[in-house]
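In what follows, a structure is listed as structure tokens, so that the remarks can point back to it.
Since this is a predicted model, take the numbers as computed values, not measurements.
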Amino acid sequence: MNKKTGMSIRAKLILTYLLVLLLPSIIIGWRTYQSASHEVEDQLVSNATESVVAVNEIINSNIQSKIDAVSYFAAEFTDEGTNSEVTGGQQLL
């Protein structure tokens with residue numbers, strides 16, 4: 001019998017099955033990884049943006065309350081200073 005030198009039918013079948021089963025699995029796994037990676041990145045950016053907005057609102061409200069307090073006390077001191085100057089000026093006359 002004349003036998004060709006090369007791969008046996010068994011080896012060819014194993015190689016074919018490996019290609020048919022592994023190649024699609026590798027492609028599906030790679031695409032799933034890429035999709036999940038992009039989704040996680042998008043969620044991180046979204047959460048970071050929300051955190052920055054929340055911190056910005058907290059800082060603005062704290063600073064605004066300080067600005068309001070300073071404005072109030074400045075107006076009070078100005079009114080007291082103006083009243084004492086007027087009263088003081090009348091006392092001198």
| said: Checking one residue: Ile58. Which other hydrophobic residues are in its cluster under the side-chain 4.5 Å linking rule? | reply: none
| said: Among residues at least two apart in sequence or on other chains, which ones pass side chain to side chain contact (heavy atoms under 4.5 Å, CB included) with Glu50? | reply: Ser46, Asn47
| task | Give the other cluster members for Val45, using side-chain heavy-atom distances under 4.5 Å between Ile, Leu, Val, Met, Phe, Trp and Tyr residues; answer none if it is isolated. | result | none
| field | From Glu76 atom CD to Ser71 atom OG, the distance as rounded to the nearest 0.5 Å | value | 12.0 Å
| query | Which residues pass the side-chain hydrogen bond (donor to acceptor under 3.5 Å, both in side chains) test with Asp68, sequence neighbours left out? | reply | Gln64
Counting only pairs under 3.5 Å, give me each side-chain donor-acceptor contact of residues 7-36, with atom names and distances, residues two or more places apart or in other chains.
from	atom 1	to	atom 2	distance (Å)
Ser8	OG	Ala11	N	3.3
Thr16	OG1	Lys12	O	2.7
Ser25	OG	Leu21	O	2.8
Thr32	OG1	Ile28	O	2.8

| request: Under 4.5 Å between side-chain heavy atoms, chaining through other members, with only Ile, Leu, Val, Met, Phe, Trp and Tyr counted: pull out the rest of the cluster around Val55, sorted by chain and number. | output: Ile59, Ile63, Ile67
